[in-house]
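Since this is a predicted model, take the numbers as computed values, not measurements.
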Amino acid sequence: MNEIIKNIEAAQMKENVPQFNVGDTVKVYGKIKEGNRERVQVFEGVVLKRQGGGSKETFTVRKSSNGVGVEKTWPLHSPNVEKVEVVRRGKVRRAKLNYLRTRVGKAAKVRELVK
């Protein structure tokens, strides 16, 4: 039984998932259905957390829209996520950046990782 579930989950995983971590600024191209039409909408923000594993892995992205913080949690291997594009790498020392929710303006910035 366990092998059957593993085979089904392996078939649902995407092949070309980009490398990104917590603190990175990413653009998520998500498919949105409006009636009978389908379009792609871009959601750009900082990755707050990645959790789960395998086909159930999710990541949460936060952005500020008109002074209001907006968060979305995306399944990494979902067919509704067309692609994830890394805009800039962030230098962080934590696995989850929940403290960014209380910060506003420049205090909510993450330092850029320079290699």
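Listed by chain and number, the hydrophobic cluster partners of V40 are Y29, V42, where partners are ILVMFWY side chains within reach of under 4.5 Å, directly or through others.
Residues V84 and W74 share a single hydrophobic cluster, defined by chaining ILVMFWY side chains whose heavy atoms lie under 4.5 Å apart. Note on V86 and F43: same hydrophobic cluster, where clusters join Ile, Leu, Val, Met, Phe, Trp and Tyr whose side-chain heavy atoms are under 4.5 Å apart, directly or indirectly. Using a 4.5 Å cut-off between side-chain heavy atoms of Ile, Leu, Val, Met, Phe, Trp and Tyr, with links allowed through other members, V46 and V104 fall into different hydrophobic clusters.
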Only distances under 3.5 Å count here; give the side-chain donor-acceptor pairs of residues 105-114 to other protein atoms, sequence neighbours excluded, each with its distance to 0.1 Å.
none

Distance-only check: which donor-acceptor pairs under 3.5 Å involve side-chain atoms of residues 12-21, not counting sequence neighbours?
{"unit_1": "K14", "atom_1": "NZ", "unit_2": "S78", "atom_2": "O", "d": "3.0"}
{"unit_1": "K14", "atom_1": "NZ", "unit_2": "V81", "atom_2": "O", "d": "2.3"}

Which donor-acceptor pairs under 3.5 Å do the side chains of residues 55-63 make with protein atoms, sequence neighbours left out?
{"unit_1": "K56", "atom_1": "NZ", "unit_2": "E9", "atom_2": "OE2", "d": "3.2"}
{"unit_1": "E57", "atom_1": "OE2", "unit_2": "R50", "atom_2": "NE", "d": "3.0"}
{"unit_1": "E57", "atom_1": "OE2", "unit_2": "R50", "atom_2": "NH2", "d": "2.7"}
{"unit_1": "T60", "atom_1": "OG1", "unit_2": "T73", "atom_2": "OG1", "d": "3.1"}
{"unit_1": "R62", "atom_1": "NH1", "unit_2": "E71", "atom_2": "OE2", "d": "3.0"}

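Every residue was checked against the salt bridge (Lys or Arg N to Asp or Glu O under 4.0 Å) condition with E82, not counting sequence neighbours, and none meets it. Partners of E34 by salt bridge (Lys or Arg N to Asp or Glu O under 4.0 Å), not counting sequence neighbours, listed by chain and number: R39. Residues forming a side-chain contact (heavy atoms from CB on, under 4.5 Å) with R93 (at least two apart in sequence, or on another chain): none.
The shortest non-hydrogen separation linking L48 to L100 is CD2-CD1, 3.8 Å.
The shortest distance between side-chain heavy atoms of K33 and N80 does not fall below 4.5 Å. In this structure, E44 and T25 have side chains that are in contact, with non-hydrogen atoms separated by less than 4.5 Å.
Residue pairs meeting the ring pair (Phe, Tyr, Trp, His ring centres under 6.0 Å) criterion with at least one member in residues 77-115, sequence neighbours excluded, do not occur. Listed by first then second residue, pairs satisfying salt bridge (Lys or Arg N to Asp or Glu O under 4.0 Å) with a partner in residues 19-32 read D24-R89, not counting sequence neighbours.
In this structure, K91 places its NZ atom where only 12 or fewer heavy-atom neighbours from other residues, nucleotides or ligands lie under 6.0 Å away.
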